[in-house]
Amino acid sequence: MGEVFQNMSEEEEEEEGSVMDGVMEVTKWAQEKKTDPLIWSIQVSSALNSGGVSLPSVELAQRLVSHICFENHVPITWKFLEKAMSVRLLPPLLVLSLLSARVVPQRRLHPSAYALYMDLLSRHAFSPHIHFPNYLKVMASIHHSLSLPPSNHHPHPGVVLVHFLFSIVSQLLQSSLDDQGFLQHSPDPYNNNDALHRKNTAMAIEIIARFLHHKLTSRILALVQRNMPAHWGPFLHQLQQLAANSTVLRSLKHVTPESLLPLDFNSTTGNGIKLLSSDWKTTPTLELNAVMADSCAVQSRHDSWSLLWLPIDLILEDAMDGNHVAEASAVEALTGLVKALQAVNGTAWHSAFLGLWIAALRLVQRERDPGEGPVPRLDTCLSMLLCITTLVVANLIEEEEGKLIEEAERSPANQRMDKQALGERHGALVTSLQLLGDYENLLTPPQSVIWGANQAAAKATLFVSGHSGYLEHTNVNDLPTNCSGNLRHLIVEACIARHLLDTSAYFWHGYVSTPFNQLPHSIPNHLPSWSSLMKGSPLTPPLVNVLVATPASSLAEIEKIFEFAINGSDEEKISAATILCGASLVRGWNVQEHIVFFIINMLSPPVPPKYSGTESYLISHAPFLNVFLVGISSVDSVQIFSLHGVVPLLAAVLMPICEAFGSSVPNVSWTAVTGEKLTCHAVFSNAFILLLRLWRFDRPPVEHVMGGAATPALGSQLGPEYLLLVRNCMLAAFGKSPRDRVRSRRFSKMIRFSLEPLFMDSFPKLNIWYRQHQECIASICNTLAPGGPVSQIVEALLTMMCKKINRSAQSLTPTTSGSSNSSLPSLDDALMKLKVPAWDILEATPFVLDAALTACAHGSLSPRELATGLKDLADFLPATLGTIVSYLSSEVTRCIWKPAFMNGTDWPSPAANLSIVEQQIKKILAATGVDVPSLAIDGNAPATLPLPLAAFLSLTITYKLDKSCERFVILAGPSLIALSSGCPWPCMPIVGALWAQKVKRWSDFFVFSASATVFHHSRDAVVQLLRSCFASTLGLGSACIYNNGGVGTLLGHGFGSHYSGGFTPVAPGFLYLRVYRSIRDVMFLTDEIVSLLMLSVRDIANGGLPKGEVEKLKKTKYGIRYGQVSLAASMTRVKHAALLGASILWISGGSGLVQSLITETLPSWFLSAQGLEQEGGESGVVVAMLRGYALACFAVLGGTFAWGIDSLSPASKRRPKVLEIHLEFLANALDRKISLRCDCATWRAYVSGVMSLMVSCTPLWIQELDVGILKRMSSGLRQLNEEDLALRLLEIRGTSVMGEAAEMICQTRL
């Protein structure tokens, strides 16, 4: 703005100065003659126009104010000043700025001038004009008069306007405090009898209140609140001081302390700022905008409300997939999801917490009677409800607390808040749990936890009755009253254990049955329990048995066990390890997050001081470590580690164990807890197999070779390198955020982790095996050098494999294996040669497998003998099972082996129940609306499998399903399914039929897995299943006309034989969550989901009926009209459809698919709008608008799920780039640079919908975006008559566009 001064020549300045001199002479003469102000203004205007002075005049304003203050402080001069401002001879804002600097400091000496100044404020400060002649020059003069801090560039005139209004209000506020003696440097306050001074103070307070409530000035001041926290904080504090102490304020009729301090301004950050004026209205150009941000408020039915939290149900159910071990924490994923849904749904926090609790309860109720198989059971579901969900709530409360503490610490000392009273989310938790008591059906505990629920209820009853110390000495059944508990009692106990609640919860209405005063006379003594341990009892066998079977309830109890594990005797260490892997791990819901860390910590014992042994110090801990390796190997245990997000940490402690024990020669043995002999080979195998289960080592062959996609399926790249990378990042990042600092108070101080980064090079033997594994994936078979150490191990292994089949090992050594033709060793010699490190045996295993498979293919080894030999190999070193899986999987993809005929002679036959399996598959698919005729099984064709798959199948069915083999079957079973899924149809049904013959109780699991394979082979089946998901959720279609849909219809009862008559078909949503990882190329899902969403919108607009059914009804006597369907109800269902679509897209492909949607699919759709039928009439316009709204919700919801609403997740770093690409497309289309082919109403609804949702739900996204693109979008929205939305976009962006926002507020004030 400085250029406006520089452009004036010296001659112009001299000429204007002479004109001003003349004007001032006229003014003095008029002052003496008391000329009418109107006549004076006409004379001055004429003189200025004659002199060529542009109006309003800056120079005249300065001269006239100087003239008045204070030598000519008389009424007539103030009248001249007011008239000149009214007729725009003077710029009103500049005059007010000049007066504020002169009058306010002298208000004690000139109270009448102060009163006149405030009168001018009331007249002119609340309707500022912009873009008038001399606008830039005027604002530059105001900037100079305000004495703002110097900057490198001249501020935007709108920024000057903001500073001007704020300085005026701040000055009035400080003056009011000063005049009443509330400032530290204040002189004595005015005498209360001084009427004029008191009147001035009252007028100042009234003007302050008007500034804060006026529709225009309040919105401009809101810019200060949002963008200038350093200024706003002290201002707010002074405002609070005035409201609390001012006697003048209390004497006013129209202004009260409460109205002076609006709730919306009671923040120093401006987060979630709202307008203070009820007069400010949104432009009503688009009907949909009236309910855009809060359409979800229609909650007349419980199903409608529950669908708002549908993504939580889907994520919880997806986490139960035992075939997938996630490296990321379910707590963190759910925390981000709940925040996103709370923002997008616009609900209170207690509603969000209630939705979370109900979703977790539904998960437990779906899994009350699960089918058998290598899948997580009820224990994992209960951990999700009572531990993971509780930790999510704790995260959300601690995040808010951390932010508020950080904000308080930045504030002046006298503004700090009580840290114990911070946060509204704690109160929301209490409200949600009180409301949860109304959902009695969901709170019914499964049979296995009835005792625990009764214990929790009894504890509360005894506490309320005043007998809190009695429970540990008695049985619940001995109590003289009903202590029937439910899942809410367990939830409350989990919250109390984490200090989210206290025992006041026991006094909630209806929480306990009637308290009692009379107790049983006989109190049993000496019952061993956790309290016995805490009182100093030694770890005797009876006590250990009790502690193994009873979960711990407090961190102190776990720390006590940890002390035994660190400092106790060898026997006590074994007992401590056994206790931690018992009930406390799977059912210790109050302390589970601590237990997983303690176990990981103990799997990495410290190096003894001055240790100098030749072998690893870990070898001496073999029995102790083996207890943990076996104890955490169950499906539920591994899944619990996965839910807590500690899989990378667990993998990092397993790798040193594998490295050490795999490099040791098995010359020493120990006696395990079970009494069996334990060698380093056994410890290595247990650690190695557990490590393999932590990443998808069995998947890559099919995904890389047979996937049919341009890139491997999502997640297939995960491996030990990736797990170490995640581990390093986790440890490096923890503790740096305010939430982490608050959360760290929950963790035990006894836990210590090394923060040093780890890489695969730290484990050379494991690294060599991993490279060999990758070579197997690529089907690269190296030549074996004859006579070398590996060749000798190969010969010894072949000899051992042949011992039971009474066959010469020479026949298993084809020349292709590279072995020498010398006589092979005897069995005893072979076993002696196999006393080598396990890594060496694993290196030789692929050559052994190649020899055995080749011998079987050539007929020199029968299939039965092959299966027996493979089982002997796996029994000798169970770790070879991993190499067997990777080798046979890679051989299947090579397609060089002749098929194996499953005829019952050479190989086992599935004929006995293959047709039954086929019928059950059809039943499952038909129940979900899927029909794939091309995948029917030809009963006349011989059943065949690829030879490597047949060999692997024969090996797996030789295992007994007992506890000793469970951890090996858990590895082999899912690997077999993964391998079979990638083979031609009907390989998987054949495998399922054979396994169903072997283990009938697993038959449902394998039939379900076989039905899931259909979706690997047929893209059309995936589309049909997705269509069923939409129809069942939304209650669409003629068959569902009276079905409201909902979460229950989408996810059903889960998986298992719940009713008599055999296998019960599963719901479409449940089936999709179990099959989407087997889809070959997920990229096609984006287009399909958009298409299904558009079809769903049309059906919703038609009242839930397909178009054909609507046409039939139109021809009936009564007919049907769109107007009969509520617009609000339709929009709610449309949002539900978008919520489902966004959830499926995100779960299926993560942030990659969401990015593809926003940057590619949606722009292409708007440019082509393929496949849309144009509707006619009024309903056509509404359908088009609903489609735009649906796509807007779909895009924004997908973004919130993938990136979060804040910047805490790593994925959020990609968000600005993706959004800027999309907004660039929108801006180009709004600027007519791109020609669109979609319906105009759809486009308008989409643009306004996306921006409305971003403004109301994800303001942090806007703050990250480029200023230029936001200005273009704001301009485009104004073209659509979305003035308020365009303004909010600029308001949220912050300081860089504060000036533009202020000017837009002034322009749209009418």
Trace of the side chain to side chain contact (heavy atoms under 4.5 Å, CB included) decision for Leu725 with Phe759:
CA-CA 8 Å; Leu725 178 62; Phe759 304 97; 6.0 Å; no

Would you say Glu572's side chain and Ser569's backbone share a donor-acceptor pair under 3.5 angstrom?
yes

Would you confirm whether Ser862, through its side chain, and Glu865, through its main-chain N or O, come within 3.5 Å as a donor-acceptor pair?
yes

Are side-chain N/O atoms of Trp897 and Glu891 paired as donor and acceptor at under 3.5 Å?
yes

Check whether any side-chain N or O of Asn728 sits under 3.5 Å from a backbone N or O of Leu724 as a donor-acceptor pair, and report yes or no.
yes

Partners of Asn686 by side-chain hydrogen bond (donor to acceptor under 3.5 Å, both in side chains), sequence neighbours excluded?
Asn626, Arg967

Grab the two heavy atoms, one from Ile561 and one from Ile579, that are nearest each other, plus how far apart they are.
CD1-CD1, 3.8 Å

Can Thr956 and Trp995 be counted as having a side-chain donor-acceptor contact under 3.5 angstrom?
yes

Is the shortest side-chain heavy-atom distance between Val885 and Leu976 below 4.5 Å?
no

Do the side chain of Ser616 and the main chain of Ile619 share a donor and acceptor less than 3.5 angstrom apart?
no

Ser860 side chain vs Ala855 backbone, donor-acceptor pair below 3.5 Å:
yes

NZ or CZ of Lys871 within 45° of Tyr959 ring axis and under 6.0 Å:
yes

Can you find a heavy atom in the side chain of Arg377 that is under 4.5 Å from one in the side chain of Val635?
no

Check the pair Trp839, His681 against ring-ring contact (aromatic ring centres under 6.0 Å, His included), reporting the backbone distance first and the verdict last.
CA-CA 10 Å; Trp839 290 119; His681 277 185; over 10 Å; no

Could you check whether any side-chain N or O of Ser663 sits under 3.5 Å from a backbone N or O of Glu659, counting only pairs where one atom can act as donor and the other as acceptor?
yes

Check: Ser909/Asn903 side-chain N/O donor and acceptor closer than 3.5 Å:
no

Could you point out which residue of Cys983, Cys987, Ser980 forms a side chain to side chain contact (heavy atoms under 4.5 Å, CB included) with Val892?
Cys983

Short question: side chain of Ser637, backbone of Ser633 - any donor-acceptor pair under 3.5 Å?
no

Between the side chain of Ser620 and the main-chain N/O of Tyr617, is any donor-acceptor distance below 3.5 Å?
yes

Lys765, NZ: over 12 other non-hydrogen atoms inside 6.0 angstrom:
no

Has Ser642 got a side-chain atom pairing as donor or acceptor with Ala326's backbone, closer than 3.5 angstrom?
yes

Report the C-alpha distance between Arg864 and Asp906 in whole Å, list the side-chain angles of each, state the deciding distance to 0.1 Å, and finish with yes or no for salt bridge (charged side-chain N to carboxylate O under 4.0 Å, His left out).
CA-CA 7 Å; Arg864 186 180 298 272; Asp906 299 322; over 6 Å; no

With respect to Phe688, which candidate in Tyr770, Phe661, Trp769 satisfies the ring pair (Phe, Tyr, Trp, His ring centres under 6.0 Å) definition?
Trp769

Would you say Thr1013's side chain and Ser1009's backbone share a donor-acceptor pair under 3.5 angstrom?
yes

Aromatic centroids of Phe628 and Phe624 separated by under 6.0 Å:
yes

Does the side chain of Phe952 come within less than 4.5 Å of Ser975's, by heavy atoms?
yes

